[in-house]
Amino acid sequence: MASMPRKLSSGTSVSIDTSISYLVWLLIPFGSILHVTGMQFASVSVLLSATYGGSIILSNLLAMRMTRVVAGTFLAATGFVIASAAPALWIPIEDGPAYLIGLTTCVLGLFSLIGFWHSWTRFPTFVLRGALHGIVVFSLIAVIEVLFIAAGMIDAKIALNFVLSGESSSRLLSTGFEPSITSRISIFNLGLILSGLLPASQNLKRALALINLTTAALAFSILGFAIPIFFLLIMAAIRPRAFGGYRFILSVSALFIISAIVVATAWDDLANTHAVRRIYRAMDAPFAHWVYLDGSVALRILSQVVAFNVFMEFPMGIGAGQFSSYFASYANGIFLPVQSLPEVSKAFSQLSANPQSLFARLVVEGGVLSALLSLYFLVVSTSRLCAASSMQIFFFSFFIICASQTASFGFANVWAAFAIFWGYKRA
């Protein structure tokens, strides 16, 4: 079990803490609530958790005492924010509004980590209850969407998608606004469900596990599949005996078989999706040409190369939110054949480019200081893996894969996964 909550005393502050803890984790699956306003990844859970984390820091400062974890996280977050803000002192800021927005999102994302960690370690009973209820709602919406698809009620499915996120797709979205996000949310849910920590009956857990596994399969995201694969690779490296245990093998085999059945059953629909067309094209082309097959893949690779080149020229950073201002000039002479692909041309024309990775964003915006801080946390986190539980290793895998494939500070599952990895304690 997670560390037990402290004994609750009568008082408004404790009641507020437990209520916020419940809401923060209840809202984690709803990353799309504000997407309908055009604020991508503006998770309500992150906003609430950041506010909670800020209040914890303030109360600690006023009391003239601060726990080691809160102090360490606060100093690290402050270091990243200062590193992203400081370049304005020595180089011109190309986009002032983007600079302010970039700093704001950086503060919100990093401070939300304190809220997630504090609630997870201090009030696990309320956290797990909130997480369970959030997973139940997410799963019910996914079931409704599947029923709409099965009944041929595509207009109803599209209407449901637009109400929840302002977006639509031929694959499942549930509370997400694109299939890759939905896939990652369902994989995160599976991690909590299979951990055994959720306060629910075994029958309910089995039903929720099956629904979320089905959702992940039908969302059909390569990034979603990458998380359990990375987890298995780590387990094979540091726990070869557990990796070869019959229970582990049976569990993985069962998950693979169920996923294969779901995909095979829905293959006619999946075969027309963007993701599967991408796979077909990749199968017919040499590995070296994969970057030219698809705009999304090309943009991800191109953005990483551009981020590296910008960092090499500006090792002290370019400032928060400035990547899109540098993208066109640095990408113009790279991978010329891909620039006509829709996603890539959009990044050029609308200045909507981002580094496509949270790690790349921190480094290119904050320079050497951010790079050193990121490297320190990765090294320390990796050194804890041998003594970590399987659940911690899973959420470490989730954090690494997701943070390396999204540049947003507002994806709640990333910070929640990191909080679970660091805050979980065996009974």
Side-chain angles (χ1 to χ4, degrees), residues 2-28 33-34 39 41-86 88 99-127 129-131 320-321 358 362 365-366 369-370 373-374 376-377 380 408-425:
S3 55
M4 294 302 293
R6 65 180 180 180
K7 184 178 180 181
L8 300 183
S9 58
S10 58
T12 304
S13 61
V14 172
S15 176
I16 292 175
D17 280 347
T18 56
S19 298
I20 292 176
S21 297
Y22 172 84
L23 287 173
V24 163
W25 290 78
L26 169 73
L27 295 171
I28 284 180
I33 288 179
L34 295 184
M39 299 172 64
F41 294 112
S43 169
V44 174
S45 182
V46 163
L47 299 178
L48 183 59
S49 185
T51 303
Y52 184 45
S55 69
I56 293 168
I57 294 170
L58 181 60
S59 63
N60 275 253
L61 290 174
L62 292 176
M64 301 298 290
R65 58 179 176 78
M66 189 173 287
T67 65
R68 186 174 64 178
V69 174
V70 172
T73 310
F74 173 63
L75 290 174
T78 302
F80 280 119
V81 173
I82 290 176
S84 297
Y99 177 73
L100 295 177
I101 293 173
L103 283 179
T104 301
T105 56
C106 184
V107 171
L108 290 175
L110 293 169
F111 275 40
S112 73
L113 177 58
I114 298 176
F116 284 118
W117 177 87
H118 192 269
S119 58
W120 172 262
T121 56
R122 300 296 295 276
F123 307 106
T125 299
F126 297 90
V127 161
R129 189 182 303 165
L358 194 56
L362 287 169
E365 291 182 356
L369 177 57
S370 282
L373 284 171
S374 300
Y376 171 78
F377 275 100
V380 173
S408 170
F409 286 103
F411 186 33
N413 301 72
V414 169
W415 307 116
F418 199 63
I420 292 173
F421 171 68
W422 278 93
Y424 178 78
K425 296 178 182 177

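Here the structure is a predicted model, which means the values were calculated and not measured.
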Report task. First locate atom CZ of Phe418, then atom CG of Asn413, and finally report the distance between them rounded to the nearest 0.5 Å. Result -> 15.0 Å
Query raised in the report: Side-chain contact, heavy-atom cut-off 4.5 Å: Phe409 with Leu108?
Result: no
Requested in this report: Say whether, by atom type as modelled, one donor and one acceptor occur between the side chain of Thr73 and the main chain of Ile114 under 3.5 angstrom.
Outcome: no
Query raised in the report: Could you state the interatomic distance from CH2 (Trp117) to CD1 (Ile420), rounded to the nearest 0.5 Å?
Result: 14.0 Å
Report summary line: Rounding to 0.5 Å, atoms CZ (Phe116) and OG1 (Thr121) come to a distance of 13.0 Å
Query raised in the report: Hey, what do you get for CZ (Phe74) to CG (Asn60), rounding to the nearest 0.5 Å?
Result: 10.0 Å
Query raised in the report: Any side-chain heavy-atom pair from Ser119 and Phe126 closer than 4.5 angstrom?
Result: no
Query raised in the report: Does Ser112 reach the main-chain N or O of Gly109 with its side chain, forming a donor-acceptor pair under 3.5 Å?
Result: yes
Requested in this report: Spell out, as yes or no, whether a donor-acceptor pair under 3.5 Å connects the side chain of Tyr22 to the backbone of Thr125.
Outcome: no
Compile the donor-acceptor pairs under 3.5 Å between side chains in residues 51-59 and protein atoms, sequence neighbours left out, one pair per line.
from, atom 1, to, atom 2, distance (Å)
Thr51, OG1, Leu47, O, 2.9
Tyr52, OH, Asp17, OD1, 3.4
Tyr52, OH, His118, ND1, 3.2
Ser55, OG, Tyr52, O, 2.6
Ser59, OG, Ser55, O, 3.2
Ser59, OG, Ile56, O, 2.9

**Report entry** Closest heavy-atom pair and its distance - Val24, Ser45
**Finding:** O-OG, 2.6 Å
Query - Results of ring pair (Phe, Tyr, Trp, His ring centres under 6.0 Å) for Trp415 - residues two or more places apart only - result: none
Query raised in the report: Please walk me through it: do Trp120 and Trp25 pass ring-ring contact (aromatic ring centres under 6.0 Å, His included)?
Result: CA-CA 9 Å; Trp120 172 262; Trp25 290 78; 5.5 Å; yes
Requested in this report: Give the minimum heavy-atom separation between Gly410 and Val46, together with the two atoms involved.
Outcome: O-CG2, 3.5 Å
**Report entry** Distance-minimising heavy-atom pair for Leu113 and Ala419
**Finding:** CD1-N, 4.0 Å
Query raised in the report: Taking all non-hydrogen atoms of both residues, which atom of Ala320 and which atom of Leu103 are closest, and how far apart?
Result: CB-N, 3.7 Å
**Report entry** Gap between atom SG of Cys106 and atom CD1 of Ile101 - 0.5 Å precision
**Finding:** 14.0 Å
Query raised in the report: Taking the side chain as C-beta and beyond, is there a heavy-atom pair between Leu27 and Ser43 under 4.5 Å?
Result: no
Report summary line: Nearest heavy-atom approach of Gly79 to Leu373 is C-CD1, 3.8 Å
Report summary line: Nearest heavy-atom contact between Leu362 and Ser374 is CD1-OG, 4.0 Å
Report summary line: CZ of Arg129 to CZ of Phe123, rounded to nearest 0.5 Å, is 13.0 Å
